Every structure is written in C-alpha cells, then in structure tokens.
Amino acid sequence: YGTGCFAMVSIGDTPKLSTSRLLTTVAYSLNGQTQYALEGSIFIAGSVMQWLRDGIQIIPNSASSEAIAKAQGSSRGITVVPAFTGLGAPHWDPDARGAILGITRDTSREDIVVACLESVALQTCDLVQAMQADGISLDALKVDGGMTENQWFVQSLADHLGIKVSCAANPDTTALGTAYMAGLTAGIYASTSDIEALWQDRGEYLPLSTTQQRDEQYALWCDRVERVKHLV
C-alpha cells in the first residue's frame with residue numbers, strides 16, 4: 001500500500017491464466033525453478049491521500065487521516081471512486097474517471113476523508129473477489145507500505161474483507177525481500193524456509209463487521225464503480 005497497490009498470491013510452479021482478469025506473473029526464480037503468482041493492480045492507493053493533502057487540501061498531512069477516521073467512524077454513505085487514471089484490476093477501464101457519490105448537504109470533509117480510505121479497502125475487495133473466483137481460498141492477508149501505518153485503515157481492510165490482516169513489521173518488505181534473496185544466493189540463508197521464519201508482524205487485525213454489513217457495503221461499492229466507467 002504505497003502510491004499504488006499490488007496484491008499477489010502464489011500459484012506454484014505452473015503458470016495459470018486467470019479467468020477473472022488478474023495478471024499471471026513471475027513471483028521469483030531460484031536455482032533454475034520459477035514460481036508464479038496471480039497479481040492484481042490498484043492504480044490509486046496512497047496517492048488518494050496525497051490528493052486530499054495536495055490536491056483539494058482538506059488534510060494537513062497523510063497521518064492526520066487516521067485521527068479523522070477514528071473520530072468520524074464512517075463515511076455516512078459517501079463513496080469515493082478514485083479512478084484518477086482509470087481503473088486497474090479487475091476492471092481494466094482506462095476511460096473511467098473519479099467521482100464522489102452520495103453527497104448530501106450534510107456531507108463533510110471528514111466524510112470524504114473516510115470514504116477515500118475505504119476506497120482503497122474496497123478496491124482490495126475487488127482483487128480478493130477475483131482471486132476467489134479463480135479458485136484461490138484466502139483466510140489472511142499480509143500487508144505492508146506507508147498506508148499500513150494507519151491503524152484505522154488496516155482495521156477497515158479486515159472489516160471489508162472479512163479475513164485476518166497482518167501488518168509487516170517492516171513497511172518496506174519489497175526491498176527487504178530483495179535483500180533476503182541476495183542473502184539466500186550468497187549463502188547467508190540456507191533455504192526459503194529460513195527466510196519465512198524471519199517474518200514479523202506489528203499487529204494482526206480481525207474483522208469486526210458482520211457478513212451482512214460487508215455484503216451491503218460491497219454491493220454499494222460495485223454499483224457506484226459501474227457508474228464511473230467509460231466516462232471519457
């Protein structure tokens with residue numbers, strides 16, 4: 001969860017094409033053996049916070065969004081679809097454009113801030129739904145990146161997904177993974193199992209929402225995403 005977001009799930013040593021518009025990619029190659037993954041791309045994740053801060057200037061900094069969300073609690077029916085550069089997986093619509101939907105006279109800046117945070121969680125739901133449609137069972141999600149410093153956001157992820165979410169102790173796990181692979185090649189680690197044992201989290205978040213709440217919120221999201229497609 002940096003500027004964008006890329007969710008990956010391992011599918012083993014045999015590449016398989018997604019039936020749900022995800023990408024099949026190389027996870028890594030080691031000792032002549034290649035492992036593959038399904039990948040889903042979210043174009044706008046942390047950059048929606050940058051937009052709130054620098055674009056429409058309704059928050060002083062990204063960190064302030066956590067206190068706002070904790071105080072506000074919900075977006076009160078507001079949905080932000082941050083299709084600033086189109087929609088990524090599984091929609092792949094370059095002509096979609098962003099929108100704020102559900103506005104009333106009572107809508108506040110705080111509602112919009114919360115809706116922006118929720119939009120990243122709901123885009124993640126799109127990816128997880130696609131993975132599940134491809135026959136992959138997910139009972140937990142491991143996350144990293146700058147946005148995971150926001151505890152309210154990570155709890156929102158768990159609530160929308162209905163599964164456990166674990167935050168990496170090191171938010172820069174992409175760089176850390178590259179370092180681990182170099183260490184494995186250099187003989188510092190004996191196997192990938194040694195590296196796996198080094199995983200540390202700085203918190204696990206369990207869903208507090210009900211199935212009905214999740215289903216209703218996701219149905220509303222899907223309806224509103226459809227409204228912004230092909231707007232160019």
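As the structure is a prediction and not an experimental result, all values here were calculated from the model.
- Nearest approach of Ile163 to Leu138, heavy atoms of both residues: CG2-O, 3.7 Å.
- Shown here for Cys125 and Tyr218, the closest heavy-atom pair between the two residues is CB-CE1, 3.6 Å.
- For residues 99-119, the set of pairs meeting the side-chain hydrogen bond (donor to acceptor under 3.5 Å, both in side chains) definition, not counting sequence neighbours, comprises Gln72-Asp111, Ser75-Glu118, Arg76-Asp111, Ser108-Glu110, Ser108-Asp111.
- Checking Gln212 against Glu216 by side-chain atom types alone, a donor-acceptor pair falls below 3.5 Å.
- With values rounded to the nearest 0.5 angstrom, Lys142 atom NZ is found 14.5 Å from Met8 atom CE.
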Which is it for Cys5 and Phe43 under the side chain to side chain contact (heavy atoms under 4.5 Å, CB included) test, yes or no, and what are the steps along the way?
CA-CA 7 Å; Cys5 170; Phe43 295 158; over 6 Å; no

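- Between Cys116 and Met49, some side-chain heavy-atom pair lies under the 4.5 Å cut-off.
- Within the 4.5 Å cutoff, the side chain of Pro171 has heavy atoms near those of the Glu149 side chain.
- Donor-acceptor pairing under 3.5 Å is lacking for the side chains of Arg202 and Ser166.
- Ser47 contributes no side-chain N or O that, together with a main-chain N or O of Gln50, makes up a donor-acceptor pair within less than 3.5 Å.
- Between Phe153 and Met147, the closest heavy-atom pair is CD2-O, 3.5 Å.
- Annotation for Leu127 and Ser41: closest pair CD2-N, 4.2 Å, computed over non-hydrogen atoms.
- Under the 4.5 Å side-chain criterion, counting only non-hydrogen atoms from C-beta, Asp93 is in contact with His230.
- Residue Ile100 is grouped with residue Ile58 when hydrophobic side chains (ILVMFWY) are merged at heavy-atom distances under 4.5 angstrom, including chains of intermediate members.
- No side-chain heavy atom of Gln217 sits under 4.5 Å from any side-chain heavy atom of Asp159.
- Checking each of Asp54, Leu52, Ile112 against Ile59 for a side-chain contact (heavy atoms from CB on, under 4.5 Å) leaves exactly one that passes, namely Leu52.
- Interatomic distance, Trp199 CH2 to Asn170 CG, rounded to the nearest 0.5 Å: 9.5 Å.
- Taking each heavy atom of Asp126 and Trp221 in turn, the nearest pair found is OD2-NE1, 3.2 Å.
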Please lay out, stage by stage, how Val154 and Tyr1 fare under the test side chain to side chain contact (heavy atoms under 4.5 Å, CB included).
CA-CA 10 Å; Val154 183; Tyr1 289 97; over 6 Å; no

Would you please test Thr124 and His160 for side chain to side chain contact (heavy atoms under 4.5 Å, CB included) and show each step?
CA-CA 9 Å; Thr124 307; His160 284 295; over 6 Å; no

Show which side-chain atoms of residues 19-40 pair as donor or acceptor with protein atoms under 3.5 Å away, not counting sequence neighbours.
from	atom 1	to	atom 2	distance (Å)
Thr19	OG1	Asp134	OD1	2.8
Ser20	OG	Ala130	O	3.3
Ser20	OG	Asp134	OD1	3.4
Arg21	NH1	His91	O	3.0
Thr24	OG1	Lys16	O	2.5
Ser29	OG	Thr34	OG1	3.0

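- Side-chain heavy atoms closer than 4.5 Å link hydrophobic residues (I, L, V, M, F, W, Y) into clusters, and following such links, even through other members, never connects Trp51 to Val228.
- With rounding to the nearest 0.5 angstrom, the OG atom of Ser209 is 8.5 Å from the CD atom of Gln155.
- The backbone N or O of Gly145 lies less than 3.5 Å from a partner atom in the side chain of Thr148, making a donor-acceptor pair.
- No path of Ile, Leu, Val, Met, Phe, Trp and Tyr side chains, each step under 4.5 Å between heavy atoms, connects Val128 with Phe6, placing them in separate hydrophobic clusters.
- No chain of hydrophobic side-chain contacts below 4.5 Å, direct or via other Ile, Leu, Val, Met, Phe, Trp or Tyr residues, connects Leu220 to Ile103.
- For the atom pair CD1 (Ile78) and OG (Ser74), the distance works out to 10.0 Å, reported to the nearest 0.5 Å.
- Within the 4.5 Å cutoff, no side-chain heavy atoms of Trp152 are placed close to those of Ile68.
- When all heavy atoms of Pro207 and Arg214 are compared, the closest pair comes out as CB-NH1, 4.2 Å.
- Here the side chain of Asp194 pairs a donor or acceptor atom with the backbone of Ala190 at under 3.5 angstrom.
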Under 3.5 Å, which donor-acceptor pairs link side chains of residues 173-188 to any protein atom two or more places apart or in another chain?
from	atom 1	to	atom 2	distance (Å)
Thr173	OG1	Asp144	OD1	3.3
Thr173	OG1	Asp144	OD2	2.6
Thr178	OG1	Thr174	O	3.1
Thr185	OG1	Met181	O	3.0

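- Note: the hydrophobic cluster containing Leu157 also contains Leu117 (ILVMFWY, side chain heavy atoms under 4.5 Å, direct or indirect links).
- Residues Val81 and Leu87 meet the side-chain proximity criterion, which asks for heavy atoms closer than 4.5 Å.
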